[in-house]
Structure formats: C-alpha cells, structure tokens
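In what follows, a single structure is set out as structure tokens and then discussed.
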Amino acid sequence: MTDLVQWAALAPLLALAGAFVNGLFGRSLKEPAPGIVGSVAVGAGFVLSLIAFFGVAGTGEAVRVGFGDFLTAGSFTLALGFHLDQLSVLMMLIITGVGFLIHVYSIGYMHGDPGYSRYFAQLNLFVASMLVLVMADSFVLMFVGWEGVGVCSFLLIGFWYRDLANASAGRKAFIVNRVGDVGFLLAMFLTFKVFGSLDIQTVSAMAPTMLYGSAVLTGIGLLYLLAAAGKSAQLPLHVWLPDAMAGPTPVSALIHAATMVTAGVYLIARTSAVYAVAPGALATVAWVGVLTALVAAIAAVGQTDIKRILAYSTISQVGFMIAAVGAGAYWAGIFHVLTHAFFKALLFLGAGSVIHALGGEQDVRKMGGLGRRMKVTGTTALIATLAIAGVPFLSGFFSKDAIVVATFTSGVLGGVGGEVLYALLMITAGITAFYMFRWYYLVFAGEERLERAVSDKVHESPSVMTVPLVILAVGSVLVGYLGLPAFLADNRIAAWLGHATAAGEFSHPSVATEWLLLLASVLVAFIGLALGYWVYVVGKGAMARRLGNTPLAGASRGAFGVDALYKALFVDTGSGTAEAVTLLDREVVDRGLVGLSGVVPLIGGLLRRWQSGQVRAYAFAMLLGAAGLLAAVALVGVLK
Amino acid sequence: MVGTEYYVALSAILFAVGGVGVLTRRSAIMLFLSVELMLNAANLAMVAFARSWSASGTLTALNGQTAVFIVLAVAAAEVSVGLGILVAIFRNRVSTDVDELSEVRA
Amino acid sequence: MTAVLTILVPLVTAALVLLLRNSVLLARLAAMAGAVATLVLAVLLPGSRPFSAEWLPGLGVSFSVDGNGAASVLVFAVTLMMIPALLVALTRVEKGAAGFAALLLAAEAGLAGIFMARDLIVFYVFWEATLVPGLLLLGLYGGEKRREATTKYLVYAVTGSFFMLVSILALKTLSGAASFDVIDLMLVTPDLPVVTQTWLFIGLALGMAVKLPIWPLHSWLIDLNEQNHPSGAADVLGSLYKVGAFGFFAWGIPLLPAGASRVGPVLLALAAVTALYGAFGAIGSTHLKRFLAYGSLSHMGIIGVGIFGMHLAGLNGAMYFLAAQMVSTGGLFLVGGMLYHRRRTFDLREYGGVARSAPALAALGLLTIFAFIGVPGLSNFPGEFMSLLGAFKNAPWPAAVATLAVIAAGVYGVNLYQRVFQGPSDVPVKDLDGLEMYVLLPVVVGVLWFGVMAAPQLRRIEAQSQLTALQLERVAAPPMPGETLTLGGAE
C-alpha cells in the first residue's frame with residue numbers, strides 16, 4: 001500500500017506539467033483544449049490523492065517520499081520530501097477535488113477570453129504550489145508552496161491586467177502576503193536557532209521536550225501566526241482579500257475561498273506540537289481568529305458588491321477556523337476548512353454564474369429575483385446559504401458548532417476569556433446568518449431590479465458550469481456528517497486527524513450541557529435568518545435604508561476604514577521613505593563622497609604644473625635628484 | 001697597471017661633460033651625443049671596477065663587463081628608436097630644437 | 001590545469017577577437033567559441049587539480065590557482081552569464097562590438113582569477129587588473145555621463161585598494177609567514193595580536209567594502225550601472241564590480257579572524273542597513289537601470305549579513321547568493337536592454353502594458369523578476385535564505401532587520417512588473433525575436449538550476465567555508481590539547 005501512496009507525489013508534478021503545456025503551447029491550442037488539459041491534470045491528481053487517502057486509511061501510517069537534499073551547512077542538512085499523513089491527504093483531496101470542479105467550471109466561464117490558456121496555466125501552477133504547501137515535510141518546502149501560491153494569486157488577481165485597478169489589487173495582495181511571509185521566514189530562523197532543524201516531524205517530535213511556555217516558543221508561535229494571518233487574511237493583514245475579488249470569479253472560488261486562504265489554518269494545525277507547548281501563542285491565535293470573524297462579519301453586512309460580501313464572509317469564516325485551531329481543536333478547524341471549501345466555492349461559483357448571466361454586473365442592488373430565472377444556480381446557492389448560515393443538518397452547522405463548543409470547553413482558553421470568545425463567536429454566527437440571508441434575498445429573491453438591457457440577456461449558465469454547482473451542493477449537505485458531535489455519534493474526522501495533530505485539552509461537560517450548546521447554535525442561526533427576513537422581507541427595504549444611516553452601518557460599509565489607515569501608516573510613509581532614500585543618496589551620500597574624491601583632480605592640477613614639456617628641464621631635475629641622492633648617501637656614510 | 005682611480009676620474013669627467021651637454025645644447029642630435037657620453041662614462045666606470053675586483057681576487061668579476069654589454073645593446077636600441085623619432089619630427093617641422101618640442105606638457 | 005585554462009582561454013579569445021575585428025563573422029565565431037569553451041572548463045572545475053608555479057620566489061609569491069570550493073560555483077555563474085552577455089554585445093553594440101566583446105572576455109578571465117587565486121598577491125593582481133576592462137567598458141561604451149561615472153568608480157576603487165595593498169604587505173611581514181600562499185598565511189596570521197589584526201582587517205575591509213559594496217560606499221555602483229552600455233551586456237558581469245563579499249569570505253575573515261570578530265559587528269550592522277537602504281532606493285527609482293542597481297545593492301546587503309553573521313550556513317549561503325544573483329540580476333539587465341532596444345528609454349514612467357504585445361518577453365521578465373526578489377524555487381532564494389538563517393543564529397536582530405528587505409523586495413518587484421508590463425498599452429512593441437530567445441535561454445536555465453540544485457553546489461562551497469569557520473573557532477576558543485575542533489555548523 002505504501003508504494004501506491006507514494007504515487008501521490010506525482011500529483012503536484014502533474015499540475016505543474018499541465019501548467020507547462022498550457023504556458024508554452026497553450027496559445028496554439030484551440031479552445032477548450034487548454035481547459036481540458038488543465039482539468040485532466042488536476043483530476044488525475046484527485047485520483048492519486050484518493051489512492052493516497054485509502055492507503056493512509058488502510059495502514060494508519062504516514063508515508064514519506066524523499067527527493068534528496070536541498071540545503072546543507074555543516075551537520076545541518078535539509079532534505080526535500082513529501083509527508084503524506086491524515087492531515088495532508090485530506091487537504092490534498094480538498095485541493096484537487098474542489099480544484100477539479102472549478103477547473104471544469106472555468107472551461108465555461110472563461111469561454112472566449114483572449115487569455116484562455118494563460119488562465120489555465122496559472123490555475124494549474126496554483127494547484128501545484130498548493131499541493132506542495134500541504135504535502136511538504138519541511139518548513140522550507142512548505143515555504144516554497146507558500147510563496148508559490150502567493151505568486152499565482154498575484155498573477156490571477158491581476159489576470160485582466162490591462163485595467164490597472166486589477167493589477168494593483170494583485171500587487172496589494174502580493175505585498176501584504178509578503179509581510180506574512182517575513183513572519184514565516186523569521187519563524188523558520190527562530191525554529192532553526194532553537195531546534196537546529198527545519199524538518200516539521202523532527203521539530204514536532206522535539207517540541208514536547210522543550211520548556212513549556214518559554215518565550216522563544218511563544219515567539220515562534222506568534223511568528224507563524226503572523227504568517228498565517230498574511231495568507232489567511234486575518235487581522236491585521238486582512239485588507240488584501242476584498243480587493244482580490246478583481247480576479248476572475250472561479251479564481252476567487254478556488255484560491256480566495258476554498259484553498260489558499262485556509263493555508264494559515266493548515267500551518268497552525270501542522271505545527272500544533274509547537275503550539276501545544278506555547279499556550280500564550282495559542283490563545284493569541286484564538287483571539288485573532290474570533291476578532292477577525294466578528295469584524296469581517298460586520299463589514300460583510302454593509303457591502304453591495306456580490307463578491308465583496310462573499311470576500312468578507314470568507315475572512316470571517318476563516319476567522320472561525322483560526323479560532324478553532326487556537327482553541328486547540330485542530331480537527332474542528334480543518335473540518336471547517338473542508339465544509340467551507342464546499343459551500344463557499346459553491347457560493348462563489350453561483351455568484352460567477354450570476355455575473356456571467358448579467359454580463360458583468362456585480363452590484364446586488366441591481367439584481368433580485370434571479371432564482372426564478374436561473375433555477376439551478378438559485379437552488380444550489382440557497383443550499384450553500386443555509387449551510388453557511390448554520391441551519392441544522394447541513395454541513396456548515398456541524399463544523400461551526402464544533403468550533404463554538406470548542407472555544408467554550410477549551411482548556412487553553414480557560415484563563416484568557418474562553419467564555420467571551422464563545423459569546424463573540426455566537427454573535428458572529430448570528431450576523432453570518434443575517435448577511436447571508438441579505439445576500440441571497442437581494443440576488444435571487446424579491447423583486448427584479450435589473451437594468452432593462454441586462455434583463456433580456458439573463459440565462460441559466462451552460463451545463464459545464466451548472467454540473468459542478470450541483471456536485472458542490474451535494475457535498476455542502478453531506479460532508480458535515482463526517483463530524484457529528486462526539487456525544488451523539490462517532491466523530492470520524494476528529495479521530496482521523498487526531499493521528500496527525502497534537503491533542504488539545506478540553507473539559508467534558510455533561511450531556512445536558514452539550515445539548516444546550518447545540519440548541520443555542522441552532523437558535524442563533526435562526527435568529528439571524530429571522531432578523532434578515534424581518535428587515536428585508538417584512539420591512540421591504542425601508543427598514544434597511546433606516547438602518548443604513550447608523551454610524552455602525554457606515555463603519556461596516558467602509559470596513560472600519562482600515563484601508564485608509566494603512567495607506568496613511570504604511571503606503572505613504574513607505575513611499576516617503578523611498579523618496580527620502582533616493583534624495584539622501586543623491587544629495588548627501590553621493591555629494592559628500594564625490595566632494596572627497598574632488599580633491600584628487602585638485603592635487604592632479606597642482607602636479608600638472610611641473611610637467612612643462614621641456615626635456616632639458618626634466619634632465620636638470622633628474623640631475624638635481626641624483627645629486628641630492630648622492631649627497632644623502634654620502635651624508636649618511638659620514639654620520640656612521 | 002694604471003690605477004683604478006684614474007679610470008674613475010676619467011669616467012667622472014666624461015659624465016660631467018655629458019651632463020653639461022644635455023643641459024646646454026638645444027639640438028636633439030647633440031643631446032643624443034651627450035647622453036651617449038654619459039652612458040659610456042658609466043660603462044667605463046663599470047669596466048674599471050670589474051677589473052679592480054678581479055685583480056684583488058675578491059670576485060672573478062665578469063658582472064661589470066656583462067652589464068656594459070647590456071648597456072651598449074640598450075643604448076643602441078634607444079638611439080635607433082630615438083633617431084627614428086627625430087627624423088619624423090624633422091620631416092614635420094624642419095628643426096630639431098628640443099625647446100620647441102613641448103607639445104606633451106600638461 | 002583546468003583552472004589555468006579557465007583564465008587563459010578567455011584571455012586568448014579576447015586577443016583573437018581583437019585581431020579578427022575586421023571580419024564580423026569570424027570575430028563573433030571566435031568570441032562565442034571561446035565563451036563556450038570556458039563554460040565547459042568551468043563545469044569541469046570541481047575536482048580539478050590545483051595549479052602552482054613559481055613566480056617571484058624571492059618575495060614568496062607563486063602563481064597558484066585552485067578551481068575548487070566557492071570558486072567552482074562562482075566561476076560557473078560567470079561563465080554561464082558570459083554567453084548571453086556576449087551574444088548581446090556582438091549584436092546590439094553598434095560601434096566597436098569586437099572591442100566590447102574582447103573587454104568582456106578579459107573581465108571574465110580576471111574574475112576567474114580573483115575567485116581561484118590561492119596566493120594573496122595573485123589575488124590582489126587579479127583584483128586590480130579586473131578594474132581595467134570594467135573601466136574601459138564604461139569609459140568607451142558608456143552613456144552621456146560616462147566620464148563622471150568612470151572617475152567616480154576609479155577613485156572609489158583605487159582608494160580602497162591602496163589601504164588593502166598596505167594591509168596585504170604588512171600581513172606577511174608582521175606574521176612572518178613563509179609565503180603569500182593562503183595556507184602559509186592562515187597558519188600564522190590568526191596568532192597576530194588582536195590589535196594588529198584589527199588594524200590590518202580594517203585596511204583590507206576598506207578595499208573590500210567598497211566593492212561589496214556596502215552603505216555608504218556604494219554610490220559608484222548606481223552611477224556605473226546607469227551609465228553602462230544600454231544593452232545591459234556590461235552589467236551582466238555584475239560581480240565584476242561586486243567581488244568584495246568574496247574577498248571577505250576567502251581572505252579577510254580566515255586570515256584575520258580575531259580582527260574580523262571585532263570589526264564584524266559594525267560591518268554587519270552596515271550590511272543590514274544596506275539591505276533596507278537598497279530596497280527603498282529601488283522603490284524610489286524611476287530609471288530602470290538605477291532601479292536594478294539599487295535592488296542589487298539590497299542583495300549585497302543580505303550577502304554582507306550572511307558573511308558577517310560568521311555562521312557556517314550564512315557563509316555558504318552568501319557565496320551561493322553571490323553566484324546565483326548574477327543570473328537574475330544579469331538577466332534583468334538584459335531584459336532592460338531589450339526594453340530599451342524597443343522604446344529607447346529607461347524611464348519607467350514611460351512604460352506600460354508591454355505584456356499585451358510582447359507576451360513572451362513579459363513571461364520571461366516576470367520569471368526573472370520573481371527570481372530577483374527571492375521567490376523560492378528560483379535562483380536567489382536558497383542563498384538569501386541561508387544567509388539570513390545563518391546570520392540569525394548568531395545575531396538575530398541585524399538579521400531580522402535585513403529580513404524586512406523581503407517585504408520591500410515584494411514591493412519593488414511587483415512595482416517593476418506592473419509599471420512595465422501591465423496596465424493599458426499605447427505603444428505596441430514587438431515580441432522576442434529568435435536571438436533574444438537564445439539570449440534569455442541561459443538565464444532561464446540558470447534561474448531554475450540555481451533555484452533547485454542548491455545542495456551539491458553548497459557542498460562545494462562548504463569545503464572552503466569550513467576553513468573560514470575553523471579559523472573563526474580558532475580565535476574564539478583555542479582548542480585544548482587532545483580536543484578535536486568542531487565546526488560552527490548546526491548542532
């Protein structure tokens with residue numbers, strides 16, 4: 001079985017090969033050939049991932065595939081290799097599975113775009129990088145994938161680069177991500193300093209022997225958190241994700257919802273052994289996650305762009321996942337990654353289907369009632385909306401409930417406000433249900449507010465786009481049953497991931513309390529939905545307009561003004577510094593040293609006077625010199 | 001055997017004559033002749049010293065003579081190049097007055 | 001013998017090219033054949049036998065060269081990048097292309113000499129001799145303000161070298177070494193009193209810091225790159241002008257470890273400043289070549305951090321980075337030259353939307369830019385990573401400051417790509433032609449090779465850096481009798 005599992009190492013190579021084929025020869029291929037090449041490359045990866053999954057399930061053992069050394073210095077060597085265990089094969093399944101569906105969907109969505117083959121080349125490259133990220137057995141190789149997905153994200157956000165706004169959105173994403181990357185680099189340097197190794201398994205094995213709660217371990221934990229915050233768009237580095245919606249919608253679905261933004265969650269789950277001995281860092285992780293979830297959920301309420309609502313929703317949902325890993329419930333975080341991959345990809349693809357149908361319109365105020373004219377898109381979007389809102393028996397309910405319960409019972413968060421975190425998450429869950437109701441209602445239900453020219457063109461998307469929607473919808477319902485609450489049934493996913501992550505400490509409340517917590521979750525979801533119904537259906541929009549004038553609504557629309565703040569704090573000072581440096585260089589450093597070097601021509605000018613060109617003058621000088629030398633020798637001889 | 005000091009004295013005289021010639025004559029040809037005189041003064045001194053060393057038995061000195069040959073060879077080369085340059089200059093300006101040749105001054 | 005041939009072949013080729021300058025075809029053929037032959041020789045360098053011949057026995061100078069150690073990697077990078085540089089020089093230089101090519105080849109020989117010299121005087125001779133082709137390339141083929149740039153370069157370099165020469169001569173006299181051979185020197189110079197070592201090291205450092213270059217001694221580099229021939233061919237031999245790091249690595253630190261330990265922290269801080277300063281300079285530049293010069297200055301800062309961190313990993317990484325950056329930096333200068341060939345300007349504000357009409361150029365430009373800013377998997381990452389990793393172990397704070405340059409690199413990297421290649425396009429340009437494809441081929445190969453195949457080359461460098469680490473340990477804690485030396489690597 002191990003031999004079969006090793007074949008999974010080919011998955012990223014296949015995606016890479018797809019990228020090469022499309023990148024080098026794609027322009028001579030006719031549509032839809034590049035799309036098929038890209039989809040097949042990822043689909044084959046999915047098959048390999050499935051094999052690996054069953055292989056690992058069969059033996060329960062992790063498999064390592066090595067490729068030889070990468071870096072050496074003295075007794076330190078860094079080997080490259082893939083580590084296939086329960087955690088990484090699950091992530092591989094999500095990446096290749098959802099990735100495959102989105103590739104197929106893109107065949108229809110990108111139809112007729114002049115950059116068709118470039119699109120698939122970059123999307124394949126992304127899948128390859130993402131696979132490397134989750135399969136890596138060392139921090140360095142993980143960083144290769146980590147930066148690789150950042151690069152692909154930059155390229156794909158700025159895919160329609162002729163509009164500078166898109167290009168700038170890509171640029172912003174890349175730069176903010178780089179801030180996180182510096183956190184990753186420094187974390188690696190500190191890890192190397194403390195552990196002397198950058199191999200994840202070695203570090204994980206050594207971590208329990210380290211001094212519990214020591215400052216360096218907390219430092220490592222916080223630096224990896226900075227890295228996670230950059231990639232997963234958490235406070236304070238969340239600003240790039242809403243702008244990233246400038247890219248094609250399937251890209252938003254794959255990169256900025258299902259896979260890349262969950263890399264931070266994966267990173268913390270992967271390094272759970274380190275966090276287990278750095279409780280301070282872990283509590284910070286939980287707080288960052290919860291605050292991000294709350295702030296982003298509030299911001300989502302005020303948005304009017306169909307994709308920006310979903311973007312803030314993504315930030316908020318990833319906040320839930322980060323909160324879960326921060327509480328020590330690593331399985332719950334990854335579980336939410338899994339369910340979220342389905343329903344959020346579905347929401348984005350649904351939004352893409354709408355945008356496609358409306359010829360590029362993205363303002364929800366100019367939509368409405370589309371569910372009647374786009375049956376498949378509308379129905380699947382409804383399922384996803386209910387799933388993310390936390391309606392019972394759908395996937396989102398189970399994973400979100402697992403998270404909020406984990407914050408309540410977590411031993412790590414005991415002294416640092418676990419109950420507060422629980423309460424905040426519950427409020428966030430209510431807001432989530434509210435804004436998702438708003439989103440669905442404004443787009444798919446209620447009266448039509450379409451512009452006439454657009455209205456006539458509305459059509460359901462082709463089946464190459466709707467079939468992936470249906471498959472994702474089925475997933476959005478079913479995958480939740482992998483992680484039923486432990487007091488009701490076997491929690492398969494917790495047991496599965498327990499092999500690959502550290503164990504968190506949790507208190508075990510009575511069954512009655514468990515039921516109470518479950519009921520509270522249900523209640524919150526319905527309160528949020530009911531509130532939405534009350535504001536938008538009963539209040540017929542008048543209520544919404546009245547609410548829109550409150551200061552909180554203003555803050556929500558502007559996402560709390562963080563962008564403007566960062567521009568003043570970092571962008572302006574940064575470019576100011578850059579200008580100051582160039583000025584300083586030209587006017588001070590350069591001039592000062594050139595002033596010094598200006599002495600040289602001065603001396604030269606003086607010496608030049610001696611060179612009269614008169615041969616006999618030279619001869620006389622020579623003679624004088626010789627005589628002087630002779631005299632000196634004679635004198636020295638006399639003195640002796 | 002004539003004493004070494006006589007040779008050295010003659011060499012000094014020759015050298016001084018050459019030196020004065022270099023400093024006072026303006027014709028390049030005469031300059032060359034004076035330089036030759038100085039070179040040969042040095043040659044004479046070297047041969048004389050070489051003889052005196054070997055006579056006193058301290059060294060079986062051929063070093064002095066060898067040096068003289070080198071000087072002669074170099075001098076010949078120098079004169080041929082120098083005269084070549086002179087001819088070229090003379091063709092251009094019909095004069096070999098070195099005081100007028102100061103184009104290379106800075 | 002391979003080592004000597006690596007120096008001789010390009011020199012002979014240079015002379016040949018000059019002789020054949022009247023026949024374009026023959027000159028081109030000779031130049032390319034010579035460059036390819038040198039590349040083959042460079043590939044054969046690892047494991048080649050060191051060469052030594054008497055030169056000035058009275059002074060204790062022998063002509064000894066050795067192509068192993070860091071030299072094998074550095075010379076490989078130089079000879080690899082010579083191919084595109086020559087291709088461009090022979091086709092894009094309008095007047096005196098043969099002379100240009102000959103100077104490039106001479107510079108190649110000089111660089112090989114610097115990296116392979118195992119005798120301090122031989123090293124110094126190559127160090128100074130290599131100035132000449134560099135100066136001539138700038139002075140004869142440079143832009144409008146080449147006079148000023150040349151004077152500046154000359155004054156900086158010669159002033160620095162003067163102090164270096166004094167230190168070199170004092171080194172042997174004071175230590176009583178048997179010769180200028182590296183081993184003879186290394187045996188005795190670390191035993192010099194600390195004060196003496198410090199002063200001698202400062203002398204060496206003055207010469208080497210100018211050529212690292214380190215802030216605030218860097219401004220000649222910016223003008224030099226700006227004024228060099230617009231094709232970028234002269235800038236490709238970037239390490240022609242940036243050999244300082246190698247000087248510290250191979251001579252300064254191992255010969256005077258105690259002095260280096262005392263002066264090192266100052267240089268480390270300056271190097272960290274250089275890394276950030278260069279990055280900000282690049283962000284603030286609107287002239288493409290000045291931009292690249294500043295970006296490259298930032299890399300040199302990181303290399304300096306790796307060297308003066310004085311940890312084995314950092315030493316390995318710094319030398320690897322020095323070799324690898326030649327590929328991406330040189331590649332970008334060539335891409336810049338291609339852009340100039342199309343639009344006749346280096347002003348970044350004039351560009352935009354090139355990706356639309358020249359997708360292949362944009363793709364390769366993007367690859368090179370990403371390599372330049374240290375994206376993993378491409379050439380600059382392993383060296384940059386190792387430099388900072390090693391330095392962080394010994395000196396966390398300066399290394400952390402230098403790491404911030406990674407963010408700034410992200411900023412200037414995507415700024416450059418966006419300014420040139422993205423946005424609306426008003427001036428259509430033609431895409432890469434066949435020749436330019438061949439020019440960029442070695443760049444692409446080099447970018448991937450140095451990015452992926454780091455381990456074998458790091459091992460070769462390590463053979464030499466262990467010597468440096470050993471010397472450092474020797475002054476840090478003299479070994480007790482019977483105790484074996486351990487290296488400064490990871491425990």
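Computed over heavy atoms, backbone and side chain alike; hydrogens, waters and symmetry mates excluded. First the proteins, then the strands, lettered A, B, ... as listed; each starts at 1.
With a threshold of 4.5 angstrom between heavy atoms, C/L388 approaches chain A through its backbone and through its side chain. C/P456 does not touch chain A: none of its heavy atoms, backbone or side chain, sits under 4.5 Å away. Of the atoms belonging to C/Y320, not a single heavy atom falls under 4.5 Å from chain A. Proximity to chain A is limited to the side chain of C/L366, based on heavy atoms less than 4.5 angstrom apart. In this structure, no portion of A/R118 lies under 4.5 Å from any heavy atom of chain C.
The distance from atom CG of C/L404 to atom CG of A/L185, rounded to the nearest 0.5 Å, is 10.5 Å. A distance of 7.5 Å separates CD1 of C/I373 from CD of A/E147, quoted to the nearest 0.5 Å. Here the straight-line distance linking atom OG1 of A/T191 with atom CZ of C/F392 works out to 9.0 Å at 0.5 Å rounding.
Counted within 6.0 Å of CZ on C/F162, heavy atoms from surrounding residues, nucleotides or ligands total 12 or fewer; the atom is thus considered open. Surrounding OH of A/Y566 are more than 12 heavy atoms belonging to other residues, nucleotides or ligands, all under 6.0 Å away.
Top candidate by heavy-atom pairs under 4.5 Å with chain C, chosen from A/N166, A/L583, A/V140, A/I175, is A/I175. Heavy-atom pairs under 4.5 Å with chain C peak, among A/V151, A/D163, A/V176, at A/V151. The residue among A/L80, A/L141, A/L78, A/L190 with the most heavy atom pairs within less than 4.5 Å of chain C is A/L190. Chain A forms the most heavy-atom pairs under 4.5 Å with one residue out of C/A282, C/A355, C/P396, and that residue is C/A355. No other option in C/G281, C/G353, C/A455, C/G423 has as many heavy-atom pairs under 4.5 Å with chain A as C/G423.
C/N316 places a side-chain N or O within 3.5 Å of a backbone atom of A/T72 that can act as its donor or acceptor partner. Side-chain atoms of C/E462 come within 3.5 Å of backbone N or O of A/G74 as a donor-acceptor pair.
For the pair A/T582/C/S285, a side-chain contact is recorded, criterion being any heavy-atom separation below 4.5 Å from C-beta on. The closest side-chain heavy-atom distance from C/V452 to A/F70 is not below 4.5 Å. In this structure, A/R178 and C/V411 have side chains that are not in contact, with every pair of non-hydrogen atoms separated by 4.5 Å or more. Residues A/L198 and C/L389 form a side-chain contact, since some pair of their non-hydrogen atoms from C-beta on lies under 4.5 Å apart. Between A/S168 and C/Q422, every side-chain heavy-atom pair lies at or beyond the 4.5 Å cut-off. Side-chain contact between A/E579 and C/I283 is absent, with no heavy-atom pair separated by less than 4.5 Å. Side-chain contact between C/R356 and A/Y161 is present, with heavy atoms from C-beta onward closer than 4.5 Å. Side-chain atoms of A/F76 and C/L312, non-hydrogen and from C-beta on, never get closer than 4.5 Å to each other.
For the residue pair A/A73 and C/A313, the shortest heavy atom distance occurs at CB-CA, 3.5 Å. The minimum heavy-atom distance between C/P424 and A/L164, with the atom names listed, is CD-CG, 4.1 Å. Nearest heavy atom pair, residue C/G284 against residue A/A578, reads N-CB, 3.6 Å.
Using cut-offs of 30° and 60° on the angle between ring planes, the pair A/F174 and C/F370 is tilted.
Ring centers of A/F143 and C/F385: at least 6.0 Å apart, outside the cut-off.
A/F192 carries C/K393 over the face of its six-membered ring, with the cationic atom under 6.0 Å from the centre and within 45° of the normal.
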